[in-house]
Amino acid sequence: MAEPTKKRVTDIGPPHYKKFLPPVILANYGKWKYHEIPRPGVLMHVSESGDKLYSVRAASPRIVAIDTVRMFADLADKYCGGFLRFTSRNNVEFLLTEDKNIDPLIADLTAAGYPVGGTANSISNIVHTQGWIHCHSAATDASGIVKSVMDEMTQHFTKMELPGKLRIALACCLNMCGAVHCSDIAILGIHRKAPQVQHDKVKAMCEIPSAVASCPNAAVRPAVVDGVQSIEILEEKCMYCANCYTVCPALPLNNPETDGVAIWVGGKVSNARSEPRFSKLAVPYLPNNPPRWPEVVDTVKKIVEVWAANARKYERMGDWIDRIGWPRFFKLAGIEFQKQHIDDFKHAGLTFKRSMHLRYDKE
Amino acid sequence: MAEPTKKRVTDIGPPHYKKFLPPVILANYGKWKYHEIPRPGVLMHVSESGDKLYSVRAASPRIVAIDTVRMFADLADKYCGGFLRFTSRNNVEFLLTEDKNIDPLIADLTAAGYPVGGTANSISNIVHTQGWIHCHSAATDASGIVKSVMDEMTQHFTKMELPGKLRIALACCLNMCGAVHCSDIAILGIHRKAPQVQHDKVKAMCEIPSAVASCPNAAVRPAVVDGVQSIEILEEKCMYCANCYTVCPALPLNNPETDGVAIWVGGKVSNARSEPRFSKLAVPYLPNNPPRWPEVVDTVKKIVEVWAANARKYERMGDWIDRIGWPRFFKLAGIEFQKQHIDDFKHAGLTFKRSMHLRYDKE
Amino acid sequence: MARKPTPKLDQLEKGPWPSFVREIKKRADKNATCADLLGVLEKSYEERVGHWKHGGIVGVFGYGGGVIGRYSDVPEEFPGVAHFHTVRVNQPAGWFYTSAALRTLCDIWDRHGSGLLNMHGSTGDIIFLGTSTEHLEPIFEELTQAGFDLGGSGSDLRTPSCCCGEARCEWACYDTMAFCQEMTMHFQDELHRPAFPYKFKIKAAGCPNDCVASIARADLSVIGTWRDCIEIDQAEVAKHAAKGNDIVKDVVMNCPGKCLSWDGKALTVVQEDCKHCMHCINAMPKAVRPGKERGAALLLGSKAPIMEGALLSSVLVPFIKMEPPYDDIKALLEAIWEVWSEDGKNRERVGEFIQRVGMGNFLDAIGLDPDPSMVAHPRENPYVFYDLGGNGKE
Amino acid sequence: MARKPTPKLDQLEKGPWPSFVREIKKRADKNATCADLLGVLEKSYEERVGHWKHGGIVGVFGYGGGVIGRYSDVPEEFPGVAHFHTVRVNQPAGWFYTSAALRTLCDIWDRHGSGLLNMHGSTGDIIFLGTSTEHLEPIFEELTQAGFDLGGSGSDLRTPSCCCGEARCEWACYDTMAFCQEMTMHFQDELHRPAFPYKFKIKAAGCPNDCVASIARADLSVIGTWRDCIEIDQAEVAKHAAKGNDIVKDVVMNCPGKCLSWDGKALTVVQEDCKHCMHCINAMPKAVRPGKERGAALLLGSKAPIMEGALLSSVLVPFIKMEPPYDDIKALLEAIWEVWSEDGKNRERVGEFIQRVGMGNFLDAIGLDPDPSMVAHPRENPYVFYDLGGNGKE
Ligand code: SRM
Ligand code: SRM
Ligand code: SRM
Ligand code: SRM
Ligand code: SF4
Ligand code: SF4
Ligand code: SF4
Ligand code: SF4
Ligand code: SF4
Ligand code: SF4
Ligand code: SF4
Ligand code: SF4
């Protein structure tokens with residue numbers, strides 16, 4: 001670490017947001033009256049004062065080169081006084097007051113390869129994580145799957161023709177940095193083999209008691225192997241959460257043959273109509289098949305299609321499944337129901353069907 | 001045990017029910033078409049054949065003297081060829097074919113002190129257990145509370161003026177022999193002090209390892225007291241379930257000062273409209289106050305009254321609370337919400353309110 | 001009469017509801033046990049605590065269940081209840097009796113016990129309430145001579161019970177009483193000789209109204225249902241409407257499948273959305289009835305809270321035709337009992353057992369395929385077990 | 001350019017969605033780190049496994065968080081990514097920028113790292129993706145000179161984030177950005193110097209639509225709402241109807257409070273039944289709006305699955321006026337942190353902590369009264385704890 005210099009300051013926090021707000025926002029802060037969505041990717045917010053703000057939303061791959069950020073800055077200068085923002089799903093939004101600038105801006109963005117859309121009943125950007133780009137924990141890549149899936153979904157981003165919003169998220173391991181656990185469709189990197197204990201490294205790299213304590217299922221035990229203090233893993237108790245690996249680097253789980261992806265459906269976050277809820281397991285395992293993960297793409301596509309074809313207006317994925325029931329979801333989506341779908345963790349019993357509210361399909 | 005005699009037979013099972021069915025049932029078995037309820041306590045079942053069966057239902061205290069059973073037998077002979085049955089809620093039903101016999105039978109039953117009713121949207125008999133009449137486990141009496149509550153509810157038994165069915169059940173301890181856990185209103189005997197270990201008796205009366213294993217909360221531990229193998233109870237981990245007492249008689253929990261009754265609401269069993277569900281805690285503790293338990297009677301009465309006044313047609317207790325929300329239930333029922341209402345056992349987290357679907361009462 | 005005054009209990013003779021105190025008093029001057037029962041109960045009412053000791057093991061020869069031993073902790077004060085055992089007598093299916101059968105039972109009980117009974121116990125048995133050890137064998141012999149037998153207690157199959165079903169109900173989707181009788185008879189050995197890790201209860205209800213609360217208190221709940229469409233008699237629906245029933249508000253809006261509609265003339269249903277809840281049928285007798293393709297669902301595992309919390313039964317077989325002698329169900333039960341007896345812990349009910357070993361593993365063990373009807377929803381947590389070989393191929 | 005061909009990654013340059021490979025390539029010929037990133041990623045794509053080692057502890061002087069150390073497990077093959085640390089830069093509230101501010105950030109990052117960023121990380125930070133240890137201090141100095149500071153990592157307060165709220169949304173029930181800014185500034189020490197049992201996240205959403213997913217991924221979720229009646233502009237409702245919106249089907253039937261009705265002329269609401277779900281407001285902008293008495297609910301404890309399963313936040317304070325400088329919320333947070341820091345286990349998030357110690361005990365400890373809005377429903381199990389004195393009186 002270099003020595004700190006004299007003029008070094010700390011704990012200043014981020015710049016105050018007011019410095020970055022366009023005049024129309026400063027003037028109408030807290031006074032917005034309503035909004036309309038004149039076309040996909042464009043929000044028009046109208047203030048009590050009558051002032052209007054147009055936000056133009058473009059897709060972003062989230063990993064952006066500074067070249068691209070500078071290009072965004074240039075476009076912002078060109079069309080909206082240099083004011084722009086990013087959204088909670090990592091899209092970029094240009095904040096315009098001149099409606100005549102909307103079309104040229106969209107044209108420039110589209111030409112540069114950043115499609116405009118993601119508003120209202122569309123599929124917005126996939127919230128995702130680091131994958132093989134940066135994280136040691138990743139059971140799959142993030143950006144590659146996102147790109148492959150969104151290439152097939154772009155028409156749902158640039159149009160607003162779905163029954164409701166559809167939020168896809170991806171996390172490359174069970175830590176779920178993408179907070180995928182409440183998504184309409186979640187793509188999750190998973191391991192399926194217990195950690196390989198590197199007995200020669202355990203003592204140097206790990207605190208054995210923390211590693212033991214880290215396991216949610218008591219599968220990690222202290223052990224003496226070839227006379228050295230180490231760890232043993234009870235294979236049959238391990239459900240590959242990697243929590244022990246997080247605290248002890250000598251317990252890697254990555255395995256090219258058995259790692260892969262699980263697909264989850266029906267979660268949501270908003271309180272609109274129904275309550276927020278977790279996503280549920282749809283497909284326990286699909287292989288890692290770079291660069292385009294065709295099995296994952298096809299599965300997601302199929303699920304989106306049956307939902308789009310069958311859901312009623314405003315029905316999010318989970319609301320739709322609630323209405324038609326899980327048995328019919330599995331049938332329509334062409335997914336085989338397996339042992340793995342049935343919960344067997346802590347609260348498993350609460351997921352069993354404990355009523356006679358059963359549906360029987362016509363044969 | 002006396003020696004078994006020669007003619008002793010075993011494993012014969014109960015008599016075949018067909019011996020006990022009246023001719024009208026034998027003739028129309030499986031051919032009933034519909035029913036009507038011409039007056040409270042009277043069911044008229046009509047067969048595809050046009051035959052009619054009238055069932056007249058009378059209240060029973062469940063503990064009956066053979067004198068009473070003989071009297072029922074006499075009435076059955078007098079009015080319906082000697083055919084009668086008991087219901088799953090311990091009422092007695094006389095099975096008539098002559099409608100002219102209905103009124104005289106009802107008159108006789110009423111005169112003998114066995115009111116007729118319990119059909120359709122009424123309060124039927126209280127399913128209950130042994131209490132101080134027979135069980136060593138009882139934290140309260142059963143029959144005394146049932147009698148006291150039903151004395152106040154009899155008009156809801158003999159009339160059918162409630163929004164839906166209302167099922168009350170009572171169990172005198174957490175073993176819940178009355179299966180009270182799915183009742184519109186459940187009355188439950190509870191302890192509130194950990195078992196008193198009778199150190200002098202433990203070794204003779206108990207298997208210490210079973211006692212230790214029996215505790216759901218790991219509050220029971222082997223211990224040596226005054227040189228004798230015994231048991232110790234971790235007071236702060238005990239939630240008074242008495243499971244250890246069931247396996248080890250030297251661990252009694254009965255305590256006249258602290259035992260009492262808890263009230264639960266909103267459970268159901270039928271699948272009509274909503275799914276079956278457990279009752280939830282309404283009042284954590286009311287004192288044992290024999291012979292008439294006025295606190296219990298008043299609480300049950302109040303709950304029945306607010307429900308009857310506010311629920312919509314067909315709304316069982318739980319459906320009604322679902323619609324209005326728990327905060328308003330507590331307000332209307334005049335019950336203070338306390339720490340004890342909040343679950344802190346195994347699945348507690350799943351009972352927390354994890355959404356913004358909140359209601360705010362007008363002040 | 002009690003030997004001492006019972007001022008507290010006497011208060012419970014008043015009021016419109018039938019009085020259990022009056023029942024006891026009916027016998028208290030004929031029977032010393034009843035007299036002392038009044039006395040000890042008055043004492044409990046005074047002291048606010050029970051006076052029974054933990055039961056000992058008593059029973060009849062060759063049976064492991066059917067009798068609950070009970071002793072007073074104040075036998076000197078109330079010698080009539082020093083022993084106060086109960087005898088569980090297996091009720092006839094559906095609790096149907098003739099006056100003659102009842103009198104026979106009363107006579108036996110008059111000779112050998114307090115003359116007080118529970119009609120019936122919560123599991124369904126006739127309960128003879130209060131006798132002493134030496135009467136047990138005679139009671140048993142007289143009962144069997146009269147065609148009755150004991151019910152279950154302890155870690156055995158408990159007395160199965162059922163709703164009146166086809167005997168008296170138009171909605172029964174199978175013959176509950178025939179089924180209950182057949183199970184009771186077929187499994188007499190399991191009923192009388194405890195060999196399970198804990199008790200096992202069977203309850204049979206003819207339709208999802210579940211008038212025996214089977215889903216809440218049976219290890220095996222057999223609940224009737226139908227798998228085709230509800231039957232609608234439009235003319236009868238119109239009569240309900242004419243009588244003033246608000247079909248939309250009372251029926252359509254209360255349908256959990258959201259599959260009914262009423263246009264003022266016809267009630268229509270989207271068959272595959274129907275959840276078989278019974279509401280429309282309940283609300284409009286004669287007009288709506290269960291479909292023709294009838295059978296039952298088998299649900300497993302309900303119980304009271306001890307020790308991990310109460311359970312409702314959960315779906316094991318979403319639909320099965322109910323065909324006597326029910327060999328399929330008997331085979332399934334035997335498979336379940338085998339797995340549970342082998343791997344269940346002492347005092348672990350089958351519902352708890354399934355939770356502990358995992359539903360998926362349990363299904364593997366009893367040889368049933370997973371079905372999405374078995375779950376309210378698939379798992380939410382990502383903690384999935386796999387058993388991949390050394391090379392990682394499945 | 002990568003040092004070797006990248007045929008697999010190249011396939012990801014095609015297709016309509018913006019390509020992260022193209023982003024990396026934009027810099028690959030200017031920057032050795034990016035060139036080697038392409039190389040190592042191609043290797044991962046070939047081998048189907050990542051090539052990063054478990055991070056070591058690196059950071060800037062005096063801070064315990066803000067930097068994630070990362071090293072390659074094939075440094076000889078790809079020396080440009082031998083170190084590949086990320087720097088988390090605290091975003092401005094609501095992710096608003098000027099072009100000038102963005103250029104400043106780009107310039108700093110151009111001088112000291114790969115020139116790749118995440119706009120933004122899942123917690124909300126600007127992420128500088130890939131640098132080596134010796135650049136960390138210079139980056140920090142230049143950032144602070146430009147008015148920026150690091151975000152959180154490790155067992156500290158993480159970078160709070162918020163929806164755009166009153167800046168751009170008509171439904172914001174409080175000023176999310178002001179609140180987020182104030183919390184971030186007030187708790188700088190907690191943010192930069194890990195002293196908690198584990199991470200603690202704050203997210204602020206202006207209304208129950210929760211556009212920052214706060215209920216799913218913040219230890220403290222602050223979600224705007226109103227406690228009086230929704231505001232209805234009947235003329236605007238009529239316009240929605242005229243435009244062809246089916247008010248009954250789309251709005252009334254979807255209302256979870258079952259409290260709306262529409263007679264073709266007026267939309268009426270039963271105020272006390274409204275669940276504040278936002279649906280009618282969402283479905284009819286301009287016509288329906290949140291009420292006037294606005295504030296927020298505070299919910300606690302959401303998180304990802306490690307280790308007991310994921311949690312959503314649960315209601316702690318059902319309604320609070322949001323008044324700067326939010327002293328009440330600060331005090332509450334400090335009380336929570338004190339109890340959790342004292343009794344929480346290492347790596348135990350506050351949501352898990354509450355489940356372990358029990359919500360009732362937790363409320364006692366932080367000095368809040370129980371409220372029925374905190375639970376979906378009261379307990380179902382009878383396992384209630386009491387703490388009665390020796391004589392049994394409370
Ligand atoms: C810009 C953004 C907030 C921000 O500060 O960044 C935002 C902005 C708006 N949201 Fe949102 N939401 C944004 C993320 C979210 C999220 C969070 C997420 O996706 O991770 C949610 C929760 C999603 C979920 O439930 O899983 C969210 C759930 C909603 C909803 C509820 C939708 C529903 O029916 O469940 C509405 C209401 C609506 O659209 O009718 C809404 C409505 C809106 C409105 C109309 C609010 C307004 O009047 O300005 C804004 C335009 C929405 C649109 O795109 O059509 N916003 N909105 C976020 C844009 C993300 C993006 O780039 O796509
Ligand atoms: C006689 C009995 C069955 C038996 O074999 O003994 C019985 C008989 C009938 N039940 Fe039942 N039920 C009987 C216990 C039950 C139980 C079990 C219990 O209470 O422990 C339930 C479940 C209660 C619960 O959900 O907690 C039960 C839930 C129903 C329902 C559903 C009610 C609902 O809206 O939830 C119906 C349908 C209805 O009444 O509309 C029903 C309907 C009926 C019908 C109308 C069926 C028929 O067509 O014959 C019978 C007359 C009902 C009446 O009393 O109005 N029966 N019924 C039981 C009488 C008990 C008593 O003495 O009061
Ligand atoms: C007599 C009866 C209550 C009544 O007044 O009706 C009864 C009485 C006893 N039950 Fe029960 N149970 C009775 C039906 C039930 C039911 C209801 C049912 O079967 O439908 C339940 C709830 C359903 C269930 O099985 O879970 C029930 C759940 C229990 C439990 C808790 C079991 C559990 O797994 O949670 C125990 C405790 C135990 O088994 O150790 C128990 C234990 C007992 C014992 C044997 C007490 C003990 O710990 O040794 C009681 C003897 C009382 C006595 O002195 O007479 N009893 N018990 C019922 C049996 C009568 C009959 O045969 O018809
Ligand atoms: C960078 C980021 C993912 C991204 O690409 O955006 C990230 C990356 C990591 N997260 Fe995360 N988390 C990131 C947001 C999240 C979120 C989402 C959020 O904050 O809204 C979650 C879910 C919400 C939550 O907090 O529970 C999240 C849940 C985790 C967990 C599981 C925590 C748990 O209690 O279940 C871990 C494991 C741990 O803490 O040991 C984790 C651990 C990690 C580590 C530090 C890996 C580790 O085990 O050491 C990752 C470093 C990756 C790398 O090499 O860059 N990360 N992590 C996100 C932070 C960027 C930022 O500051 O803006
Ligand atoms: S989800 Fe897992 S692999 Fe992906 S960034 Fe987070 S910790 Fe790393
Ligand atoms: S991966 Fe998870 S379950 Fe397996 S041993 Fe490690 S901590 Fe335990
Ligand atoms: S509920 Fe408890 S006290 Fe009552 S009879 Fe059953 S075991 Fe005995
Ligand atoms: S009463 Fe229950 S919780 Fe208390 S020590 Fe006994 S078994 Fe454990
Ligand atoms: S459960 Fe169904 S079939 Fe049996 S009595 Fe009740 S309503 Fe009739
Ligand atoms: S049985 Fe129930 S779910 Fe089926 S149509 Fe009738 S009310 Fe609807
Ligand atoms: S959470 Fe509410 S206030 Fe914030 S942007 Fe979304 S809709 Fe607007
Ligand atoms: S906000 Fe939601 S609950 Fe309230 S009236 Fe509107 S739709 Fe109904």
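Keep in mind it's a predicted model, so treat the numbers as computed, not measured. Reminder, nothing fancy here: chain letters follow the sequence lines and each chain counts from 1.
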Discussion item. Is it true that Asn282(C) and Tyr314(B) share a donor-acceptor pair across their side chains at a distance under 3.5 Å?
Written reply: no
Fill in: Distance-only donor-acceptor check, side chains Glu170(C) and His35(B), under 3.5 Å
yes
Discussion item. Shorter than 4.5 Å, heavy atoms on both sides: which option in Cys172(B), Ser143(B), Ala76(B), Gly113(B) has the most such pairs with chain C?
Written reply: Ser143(B)
Worksheet entry | Check against ring-ring contact (aromatic ring centres under 6.0 Å, His included), Trp132(B) and Phe20(C) | CA-CA 13 Å; Trp132(B) 293 333; Phe20(C) 71 102; over 10 Å; no
Worksheet item: Who wins among Met150(B), Arg62(B), His45(B) for the most heavy-atom pairs under 4.5 Å with chain C?
Response: Arg62(B)
Worksheet entry | Residues Arg289(C) and Glu48(B) bridged, charged N to O under 4.0 Å | yes
Worksheet item: Is it the backbone or the side chain of His128(B) that comes under 4.5 Å from a heavy atom of chain C, or both, or neither?
Response: backbone
Fill in: Expected output: side-chain Lys147(B) to main-chain Lys14(C) donor-acceptor under 3.5 Å
yes
Worksheet item: Which one, Pro115(B), Ala138(B), Ser47(B), leads in non-hydrogen pairs under 4.5 Å with chain C?
Response: Pro115(B)
Worksheet entry | Full working for side-chain hydrogen bond (donor to acceptor under 3.5 Å, both in side chains) between Arg168(C) and Ser55(B) | CA-CA 9 Å; Arg168(C) 219 245 337 247; Ser55(B) 307; 2.7 Å; yes
Item to complete: Answer with side chain, backbone, both or neither: which region of Asp74(B) has an atom nearer than 4.5 Å to a non-hydrogen atom of chain C?
Response: both
Worksheet item: Which one, Leu116(C), Asn118(C), Ile68(C), leads in non-hydrogen pairs under 4.5 Å with chain B?
Response: Asn118(C)
Discussion item. I'd like to know if the side chain of Asp149(C) and the backbone of Pro14(B) have a donor-acceptor N/O pair within less than 3.5 Å.
Written reply: no
Discussion item. Which atoms of Gln130(B) are under 4.5 Å from chain C, going by heavy atoms: the side chain, the backbone, both sets, or neither?
Written reply: side chain
Response to the item:
Of all heavy-atom pairs linking Cys135(B) and Trp52(C), the shortest is O-CD1, 3.7 Å
Worksheet item: Once you round to the nearest 0.5 Å, how far does SG of Cys164(C) lie from CD1 of Ile25(B)?
Response: 8.0 Å
Worksheet entry | For chain B, the option from Ala93(C), Pro285(C), Ala304(C), Ala216(C) that forms the most heavy-atom pairs under 4.5 Å | Ala216(C)
Worksheet entry | Residue Leu26(B) versus chain C: region with a heavy atom under 4.5 Å | neither
Discussion item. Could you tell me if the side chain of Pro249(B) sits less than 4.5 Å from the side chain of Lys53(C), heavy atoms only?
Written reply: no
Worksheet item: What's the spacing between His51(C) NE2 and Ile133(B) CD1 if we round to 0.5 Å?
Response: 13.5 Å
Worksheet, complete the sentence: Pair count under 4.5 Å, heavy atoms only, with chain C: among Leu84(B), Val24(B), Val69(B), Asn288(B), highest is Leu84(B)
Practice prompt. Indicate the ring-plane relationship of Phe157(B) and Trp17(C), choosing parallel, tilted or perpendicular according to the 30° and 60° boundaries.
Written response: perpendicular
Worksheet item: Do Asp250(C) and Lys313(B) come close enough that some side-chain heavy atom pair is under 4.5 Å?
Response: yes
Worksheet item: Between Ser122(C), Cys106(C), Gly15(C), which residue shows the highest count of heavy-atom pairs closer than 4.5 Å to chain B?
Response: Cys106(C)
Worksheet entry | Spatial distance of atom NE2 (His181(B)) from atom NZ (Lys303(C)) [nearest 0.5 Å] | 8.0 Å
Practice prompt. Can you label the angle between the His134(B) ring and the Phe84(C) ring as parallel, tilted or perpendicular, going by 30° and 60°?
Written response: tilted
Discussion item. Are Tyr17(B) and Trp95(C) packed together at the side-chain level, in the sense that at least one heavy-atom pair is separated by less than 4.5 angstrom?
Written reply: no
Item to complete: Answer yes or no: is there a donor N or O on one side and an acceptor on the other, between the side chain of Arg273(B) and the main chain of Pro256(C), under 3.5 Å?
Response: no
Worksheet, complete the sentence: Interface check, chain B: of Asp110(C), Thr184(C), Leu9(C), Val81(C), most non-hydrogen pairs under 4.5 Å belong to Asp110(C)
Discussion item. With rounding to the nearest 0.5 angstrom, report the CD to CD1 distance, Glu275(B) to Ile215(C).
Written reply: 8.5 Å
Discussion item. What part of Phe345(B) gets within 4.5 angstrom of chain C, counting heavy atoms only: side chain, backbone, both, or neither?
Written reply: side chain
Response to the item:
Under 4.5 Å to a heavy atom of chain C? For Glu315(B) that would be neither
Worksheet, complete the sentence: From the list Val64(B), Asn254(B), Ile63(B), the residue making the most non-hydrogen contacts under 4.5 Å with chain C is Val64(B)
Worksheet entry | Salt-bridge criterion met for Arg27(C) and Asp67(B) (N-O under 4.0 Å) | yes
Discussion item. How long is the straight-line distance from OG1 of Thr98(C) back to CG of Leu95(B), given to the nearest 0.5 Å?
Written reply: 11.5 Å
Practice prompt. Select one option (side chain, backbone, both, neither) describing which atoms of Cys215(B) are under 4.5 Å from chain C's heavy atoms.
Written response: backbone
Worksheet item: Checking Glu93(B) against chain C: side chain, backbone, both or neither under 4.5 Å from a heavy atom?
Response: side chain
Fill in: Residues, nucleotides or ligands: over 12 heavy atoms within 6.0 Å of Lys249(C) NZ
no
Worksheet item: Which one of Asn243(B), Val269(B), Ile12(B) has the most heavy-atom pairs closer than 4.5 Å to chain C?
Response: Ile12(B)
Discussion item. Which heavy atom of Ala65(B) sits nearest to which heavy atom of Glu23(C), and what is that distance?
Written reply: N-OE1, 2.9 Å
Fill in: Modelled atom types, side-chain donor and acceptor of Arg347(C) and Ser214(B), under 3.5 Å
no
Item to complete: Establish, from distance only, whether the side-chain atoms of Asp210(C) and Ser270(B) form a donor-acceptor pair under 3.5 Å.
Response: no
Item to complete: Determine whether more than 12 heavy atoms belonging to other residues, nucleotides or ligands lie under 6.0 Å from atom CE of Met71(B).
Response: yes
Worksheet item: Are the side chains of Leu12(C) and Arg292(B) in touch, meaning some heavy atoms are under 4.5 Å apart?
Response: yes
Worksheet, complete the sentence: When the 4.5 angstrom heavy-atom criterion is applied to Cys241(B) and chain C, the contacting part is both
Worksheet item: Do Asn255(B) and Val49(C) have side-chain heavy atoms sitting under 4.5 Å apart?
Response: no
Worksheet entry | Residue Leu53(B) versus chain C: region with a heavy atom under 4.5 Å | side chain
Discussion item. Quick check on the interface: out of Gly309(C), Ala172(C), Ser19(C), who has the most heavy-atom pairs with chain B under 4.5 Å?
Written reply: Ser19(C)
Fill in: Contact origin within Lys268(B) toward chain C - heavy atom pairs under 4.5 Å
neither
Worksheet entry | Portion of Arg277(B) that has a non-hydrogen atom of chain C nearer than 4.5 angstrom | backbone
Worksheet item: Non-hydrogen atoms of chain C under 4.5 Å away: do they reach the side chain of Lys346(B), the backbone, both or neither?
Response: side chain
Discussion item. Looking at chain B, which one of Arg217(C), Lys8(C), Arg48(C) has the largest number of heavy-atom pairs inside 4.5 Å, strictly under?
Written reply: Arg48(C)
Worksheet item: Using non-hydrogen atoms only, which part of Thr87(B) is less than 4.5 Å away from chain C: side chain, backbone, both, or neither?
Response: backbone
Fill in: Backbone of Ala167(C) reached by a side-chain donor or acceptor of Trp32(B) within 3.5 Å
yes
Worksheet item: Atom CG of Leu191(C) and atom CG of Asp11(B): how far apart are they, to the nearest 0.5 Å?
Response: 8.5 Å
Worksheet item: In terms of heavy-atom contacts, does CD of Glu207(B) have more than 12 from other residues, nucleotides or ligands at under 6.0 Å?
Response: no
